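Notes follow the structure.
All chains are named by letter (A, B, ...) in the order of the sequence lines, taking the proteins before the strands, and each is independently numbered beginning at 1. From a predicted model like this one, the values you see are computed outputs, not experimental measurements.
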Amino acid sequence: MSMRTPLGKVLGLGSAREGTEHFWRQRVTAVANVPLTLFLVWLVVSLFGKSHQTILDTLSSPLIAIGLLLTMASMLYHMRLGMQTIIEDYIHAEGVKILLLMGNTFFTFAIGISAGFAILKLGFGG
Amino acid sequence: MAEADIRAKRPLSPHLQIYKPIPTMVMSILHRVTGAAMYFGILLVAWWLVAAASGPAYYEFCHAILSSWPGMIVLFGFTWALMHHMLGGIRHLIWDTGHLFDKETSTKLAWATLIGSVGLTVLIWILAAAV
Ligand code: HEM
């Protein structure tokens, strides 16, 4: 005998009320992260140790700037979801858990806005 | 249920300290450890970008730290974590389709992940030294 209500079954959201959304977004960003990682590694390998002027010239290319924005967005979204799972796995005290989950969001946004601003500034010509 | 004593001495299932480590288990732990390490490591990427946007003097300072010995060791570790987590992640994505789950194959995949990640890391650093 199932204890689930017919409405609950149709909605399919489960006890966390989020359904499979977290899992699915972790997968979508994981798939996106593969080519974006290869792009980032290529970019860093070709720029590391180059002059500041070379960095400016390279990052002022729209394709490179757009690629970097996509990379940061996808990686940050992905790692925020991942860290949420880790927090939920290990932290069981409700108050601490909520604080850490908020901190997770603040950290991600702080990095995203900083990197995003820097990429745009460089993209628009330093 | 709200009244249940969650600290009561109930029997526990066997866990980390009891199981003998096996390749798939170690890879599972490493996937989490590398993901969590990069969660903080990405700060370096953001710092490098902000430094480049701040002008030549601050960029030189940032580069001097990243290219110091401790800096390079951290970056080498970051490269390995990224490659290992990427290959481990691809393994997860294959599993999500229901394939390559059986014991022998998943153990082989675990070793392939490790060997592949070390290989790619060394390759990237050889390329970096060459350009
Ligand atoms: C390079 C391509 C990447 C792929 C293919 C990938 C794939 C995945 C997958 C499939 C998971 C879910 C694992 C599970 O359900 O147990 C995951 C978890 C995670 N990823 Fe990634 N990832 C990538 C890059 C990154 C990056 C760059 C970061 C950090 C900046 C990151 C941080 C995390 C974290 C923190 C978790 C949670 C770990 C856990 O729950 O054990 N990943 N990744």
Do B:H92 and A:R27 come close enough that some side-chain heavy atom pair is under 4.5 Å? yes

Per-residue tally against chain B (heavy atom, under 4.5 Å) across A:A30, A:S51, A:G49 peaks at A:G49

Close side-chain approach of B:V50 to A:F117, heavy-atom, < 4.5 Å: no

Quick check on A:L56 against chain B: is it the side chain, the backbone, both or neither that has a heavy atom closer than 4.5 Å? side chain

Between B:I42 and A:M75 the two heavy atoms that sit nearest each other are CD1-CB, 4.0 Å

Euclidean distance, B:D96 CG relative to A:W24 CH2, rounded to 0.5 Å: 9.0 Å

Above 12 or not: heavy atoms from other molecules or residues under 6.0 Å from NZ of B:K108? no

Quick check: do B:V45 and A:V44 have side-chain heavy atoms less than 4.5 Å from each other? no

Find the distance between CG (B:L43) and CD1 (A:I111) and round it off to the nearest 0.5 Å. 4.0 Å

Close side-chain approach of B:W125 to A:V45, heavy-atom, < 4.5 Å: no

From CA spacing to verdict: side-chain contact (heavy atoms from CB on, under 4.5 Å), B:W48, A:L47: CA-CA 11 Å; B:W48 185 73; A:L47 286 184; 4.0 Å; yes

Minimum heavy-atom distance B:V131-A:S46, with the two atoms named: CG2-CA, 4.4 Å

Within the supplied structure, the quantity of interest is the number of heavy atoms (other residues, nucleotides, ligands) at a distance under 6.0 Å from B:F76 CZ; does it exceed 12? yes

Under a 4.5 Å heavy-atom cut-off, does chain B meet the side chain of A:H92, its backbone, both or neither? neither

Can you say whether A:L43 sits under 4.5 Å from chain B via the side chain, the backbone, both, or neither, judging by heavy atoms? neither

Given a strict heavy-atom distance threshold of 4.5 Å, which part of B:L82 is in contact with chain A: side chain, backbone, both, or neither? side chain

Side chains of A:F48 and B:L75, heavy atoms from C-beta outward: is any pair under 4.5 Å? yes

Can you tell me if CZ on B:F101 sees more than 12 non-hydrogen neighbours from other groups inside 6.0 Å? yes

Is the ring pair A:H52/B:Y59 parallel, tilted or perpendicular, if the boundaries are 30 and 60 degrees? tilted

Please state whether the side chain, the backbone, both or neither of A:V41 comes within less than 4.5 Å of a heavy atom of chain B. side chain

Side-chain contact, heavy-atom cut-off 4.5 Å: A:L76 with B:Y39? no

Taking all non-hydrogen atoms of both residues into account, name the closest pair between A:I55 and B:A52 and its distance. CG2-CB, 3.9 Å

Which distance, rounded to the nearest 0.5 Å, do you find between the CG of B:L93 and the CD of A:Q26? 10.0 Å

Between A:D89 and chain B, which part of the residue has a heavy atom less than 4.5 Å away: side chain, backbone, both or neither? side chain

With side chains defined as the heavy atoms from C-beta onward, is the minimum distance between B:H85 and A:N33 less than 4.5 Å? no

Would you indicate whether B:I73, at its atom CD1, is surrounded by more than 12 heavy atoms from other residues, nucleotides or ligands within a distance under 6.0 Å? yes

Rounded to the nearest 0.5 Å, how far apart are CE of B:M86 and CG of A:L36? 11.5 Å

